Number of protein chains: 2
Amino acid sequence: MPDNTTSASNAAASAADRAYAEIRGLILAGDASPGTPLREEALADIVGVSRTPVRDALRRLEVELYAVRTPGGRLVVADWDSDDVAEIFALRAMLEGHAAARAARRATPAQLAELRHCNAAIEAAVAIEQPDVARFLAENRRFHDIILSASASARLSTMLAGLVEQPIVRRTATRYDRADLARSAHEHSQLIQAFAAHDEDWARAVMTAHIRRALHAFQDATPSK
Amino acid sequence: MPDNTTSASNAAASAADRAYAEIRGLILAGDASPGTPLREEALADIVGVSRTPVRDALRRLEVELYAVRTPGGRLVVADWDSDDVAEIFALRAMLEGHAAARAARRATPAQLAELRHCNAAIEAAVAIEQPDVARFLAENRRFHDIILSASASARLSTMLAGLVEQPIVRRTATRYDRADLARSAHEHSQLIQAFAAHDEDWARAVMTAHIRRALHAFQDATPSK
DNA sequence: GTTGCTGATAATGTATACAAAACTGGCCAT
DNA sequence: ATGGCCAGTTTTGTATACATTATCAGCAAC
């Protein structure tokens with residue numbers, strides 16, 4: 001199982017972090033389908049820690065709406081229908097657009113260089129015959145993270161953390177053909193231009209378009225759900 | 001069920017909720033000034049519960065950025081400068097604008113009636129010689145809550161929960177003169193019109209303007225900080 | 001005087017025991 | 001049959017004890 005989608009199952013991390021990663025993994029892998037109750041003790045057994053860090057993890061998952069609370073206070077795996085996904089992309093478009101605008105005002109030459117370097121890696125990953133999708137995803141995430149840190153808003157970062165669903169991004173990207181991936185890289189370079197020009201509106205517009213294209217790619221890739 | 005998430009110690013609520021409300025109160029009242037460490041045991045003594053619900057409360061306050069984590073994992077009271085406040089209002093403007101757009105599409109006649117009734121109460125509170133600011137605030141919050149529920153997006157609701165700072169609203173409103181309060185009520189009625197017409201763009205624009213005016217009222221009311 | 005170490009101290013992280021609340025099933029009355 | 005109620009069981013909420021980690025004062029070496 002080479003799995004473990006996003007940040008790895010860092011054995012060194014705290015018990016709460018491991019619990020979070022593992023439970024989230026269960027949900028995203030579909031092992032815990034929507035509606036499945038998330039019982040603290042059972043999960044504690046699975047993860048191999050006590051209930052305390054599991055509770056911690058569940059609270060985080062609840063904030064990020066992976067889990068929802070029943071009227072009585074029990075947690076169950078949330079059901080994301082296509083409307084939810086569309087809403088996630090809409091919010092991402094707004095918030096990342098805002099982040100891009102802020103980044104355009106604040107980006108330092110060092111950050112610009114980092115972005116250029118990162119996007120070069122993306123272009124390299126998609127230029128070859130069989131695009132290296134894993135590499136694309138990793139660098140793509142890094143690209144967006146750099147922008148987020150350039151935006152210098154802790155609030156934006158925490159809000160987007162629960163919104164940027166790497167699994168969704170992955171499902172989108174795996175359906176991209178090479179032309180799509182190349183277009184994505186091109187949009188990134190447009191973003192860098194906007195940052196270099198310190199043009200907030202331009203940056204916002206490009207980012208918004210970038211994300212909304214991803215939404216439609218995702219919708220085209222999924223039957224209807 | 002009179003919600004009451006803002007005002008003080010709801011004796012009936014859970015220990016974690018009381019801890020949350022009380023600690024948040026300490027921060028907002030300035031009893032715990034920015035940079036002050038938030039030690040679990042000390043807070044547990046103050047609130048009169050054990051560390052467990054206090055930890056719970058602190059996690060929530062951390063997500064909402066009332067507290068920030070030092071590199072070593074300790075929590076301290078966050079320092080909100082004027083940029084932070086501006087950022088909060090900017091995000092609120094975006095997200096509540098989005099909520100208004102969604103509400104415009106979805107609002108039911110019953111919800112419209114509720115909004116009209118609520119705004120009538122607001123108008124009544126500000127029409128008198130000495131405006132009833134407390135009443136204004138309560139109904140104002142209810143007004144925005146109705147819109148939020150009409151928008152039918154759990155994500156928006158949870159995101160805005162950490163953003164809608166009643167204390168900030170309060171500091172703004174107490175500096176409003178009667179004309180300002182009346183203008184607020186007028187903007188609300190414009191919103192209702194936009195909802196009734198199911199005009200998403202109109203609703204979004206009015207809401208955005210509504211919030212951005214609040215930002216500038218706030219900035220005018222506070223020296224510079 | 002400054003730097004770097006080291007051990008005491010104090011804080012958070014985790015496990016577990018106990019309390020309270022919510023679901024479940026069946027029984028009874030209608 | 002159906003609806004409501006009650007006890008047993010399960011699940012979450014809270015308290016507390018223990019483990020682990022970060023902080024900081026003091027001291028030694030340079």
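This structure is a prediction, so every number in the text was calculated from the model and none was measured.
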Going by heavy atoms closer than 4.0 Å, what residues in residues 44-66 of chain A are next to DNA chain D?
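Correct list: A:Arg51, A:Arg55, A:Arg59.
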Are [X] and [Y] within salt-bridge range, i.e. N to O under 4.0 Å?
X: A:Arg18; Y: A:Glu22; answer: no
X: B:Arg102; Y: B:Glu200; answer: no
X: B:Arg51; Y: B:Asp45; answer: no

Atom-to-atom span, [atom1] of [X] to [atom2] of [N] - whole angstrom:
X: A:Glu41; N: D:dT10; atom1: CD; atom2: P; result: 11 Å
X: A:Asp17; N: C:dT12; atom1: CG; atom2: P; result: 17 Å
X: A:Arg74; N: C:dA20; atom1: CZ; atom2: C1'; result: 12 Å

Residue-phosphate contact under 4.0 Å: B:Arg39 side-chain N/O, C:dA11 OP1/OP2:
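Yes, such a contact exists.
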Distance-minimising heavy-atom pair for B:Ala57 and B:Ala16:
CB-O, 4.0 Å
For the CZ atom of B:Arg69 and the CZ atom of B:Arg74, what is their distance to the nearest 0.5 Å?
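One finds 10.5 Å between CZ of B:Arg69 and CZ of B:Arg74.
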Enter the distance from A:Leu148:CG to A:Thr158:OG1 here, rounded to the nearest 0.5 Å.
9.0 Å
Which residue is it: B:Glu139, B:His210, B:Arg116? I am looking for the one with a side chain to side chain donor-acceptor pair (under 3.5 Å) to B:His188.
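Among B:Glu139, B:His210, B:Arg116, the one meeting side chain to side chain donor-acceptor pair (under 3.5 Å) with B:His188 is B:His210.
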The helix from C:dG1-D:dC30 to C:dT30-D:dA1: angle between its terminal axes, five pairs each, to 10°?
20°
